[in-house]
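Please read the structure below before turning to the comments.
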Protein chains: 2
Amino acid sequence: MLSTVTTPTSPADAAVLDALAPEGGRPDGGSDAAETAVRIMVAAADAFAERGFSATTTRDIASRAGLSPAGVYVHFASKEVLLFELSRRGHLRARDLLVAAARDAADPTEALRAIIGGFSRWHAEHHQLGRIVQFEFRHLGPEHQEQVLDLRREIDGVVADVLAAGVASGEFDVEDVRGTALALLSTAIDVARWYSPGQRRTPESIERLYGELAVRLVRRHAG
Amino acid sequence: MLSTVTTPTSPADAAVLDALAPEGGRPDGGSDAAETAVRIMVAAADAFAERGFSATTTRDIASRAGLSPAGVYVHFASKEVLLFELSRRGHLRARDLLVAAARDAADPTEALRAIIGGFSRWHAEHHQLGRIVQFEFRHLGPEHQEQVLDLRREIDGVVADVLAAGVASGEFDVEDVRGTALALLSTAIDVARWYSPGQRRTPESIERLYGELAVRLVRRHAG
DNA sequence: CCTGTGACTAAGCGCTTGCTTAGTGTCGCG
DNA sequence: CGCGACACTAAGCAAGCGCTTAGTCACAGG
């Protein structure tokens, strides 16, 4: 809702760590260098989501990660590079989620429900990372913006493809495919802005509602 | 005028000025003090929308407004107060727009089309102010946040009321009124994030599409 | 003419910023 | 043991920050 207050995000959610950790399961404890890098990323994700990129100091990130201010620079060349790494990993995870959901669905209707519901749920569960991904984009340097834009175009493409497939099969009745895709993505993305944990709506209920609304929006009107 | 070098205020849209200027028409030229205050607000809106609140310096605002750094403080007590004034005026205009659109509509269907279409168009035309209103909220002090929240609750209420009226009249088929209102507001709000002038989509086409999508989303399914 | 008012500037204060430098402690390996 | 590699810290630098202070200037009222 418009009136939802953005509460300070609680530190070090398992969800954030989950979305940042490397692909394969850790064999034992993991190397200390890589572990520290992840701890810095989690700390930065917390701080950026709570205060925004520009209002976050490197000292704040360092102390949340249990390091001295200089310790961050052993693992990341600058605050901007740290933002880019968070943004890149966040986009990758979100894209993989969408691609898998679209691939596994039986028909365009179920595909649309799965991708919009899933994307909405992702922005709730990973609302810290989601905020960074969606709202701190402008603080990336030009070449990092370009790399992120490539990933965004992939995400847009998945949604547009599902809509086009539904129109082709006759399940959907959509005049403006790209405009409708834009509106659907907006509902999911905006979840990251208003969601905060511990409120009435859960990621699961958001997934259900938003998946259903997406299907309602595009279905052929039998009347 | 790319070649215009000496203009202190860069983009300074008429749209921004329009949304910030005082209610009544100016009798003659307007007092110089009030005029300067508006010039500062326009400069700050430009800068906040472009770089974000924290990345904007008071020196940047001052130079865009053609003043020395100290000149800003004659009219505004602090950078935060300036943000609040922009946020407050932006919310007021948006609220007035919604209330008027809902009041003037013939039935709930047309009311919904008017408020969601109009709100979307507003976020395109005033995308600078829209970004500040929607995305810089957290940089307000606690009591200023509270004042803005009151306005947001009014805006939420207008949408929920229209949906409830449509359900009552039988025009709409909506299971979760507040959840659907949330999703509809999200599409409109998110326009401020992605819109930029000079692209293919115009504020008018956005108004038409998003108004129509809103109606599609809630209409009774005759099948 | 003098005086008061108020918009505005030049200069700068105290502090914080992102990041660097020089050095410390601990480790694996020969 | 010695040695290099490397994660990490203490201290600090240059630059920039929000905002203040002391004063200038144009002008209205008398």
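Below, read A as the first sequence line, B as the second, and so on, with proteins coming before strands; counting in each chain starts at 1. Computed over heavy atoms, backbone and side chain alike; hydrogens, waters and symmetry mates excluded.
Comparing D/dC19, C/dA7, C/dG18 against the side chain of B/P69 picks out D/dC19 as the nearest.
Across the protein-nucleic acid pair, B/Y73 atom OH and D/dT20 atom P stand 7 Å apart, rounded to whole Å. B/H75 has its NE2 atom 13 Å from the P atom of C/dG6, to the nearest Å. Atom CG of B/L82 is separated from atom C1' of D/dC19 by 14 Å (rounded to the nearest Å). We find that CD1 of A/I61 is positioned 11 Å from P of C/dT17, with the value rounded to whole Å. A/K79 places its NZ atom 8 Å from the P atom of C/dC19, with the value rounded to the nearest Å. D/dC19 atom P lies 16 Å from atom CG of B/L67, rounded to whole Å. The nearest whole Å value for the distance from the CG atom in B/L83 to the P atom in D/dC19 is 12 Å. Rounding to whole angstrom units, CD of residue B/E35 and P of C/dA7 are separated by 13 Å.
Taking only distance into account, the side chain of B/R59 never meets the base of D/dG16 through a donor-acceptor pair shorter than 3.5 Å.
Heavy atoms of A/T56 sit under 4.0 angstrom from primed sugar atoms or phosphate atoms, though from no base atom.
Comparing A/T57 and A/A77 along DNA chain C, the residue whose closest nucleotide (by nearest heavy atom) sits nearer the 5' end is A/T57.
Remark: A/R200 CZ to B/R178 CZ distance equals 8.5 Å, nearest 0.5 Å.
The aromatic rings of B/F84 and B/H144 lie parallel to each other, with less than 30° between the two planes, well short of the 60° mark.
At least one side-chain heavy atom of B/E125 sits less than 4.5 Å from a side-chain heavy atom of B/E204.
The shortest distance between the side-chain N/O atoms of B/S68 and the OP1/OP2 oxygens of C/dA10 is not below 4.0 Å.
No donor-acceptor pair under 3.5 Å is formed between the side chain of B/T187 and the backbone N or O of A/A183.
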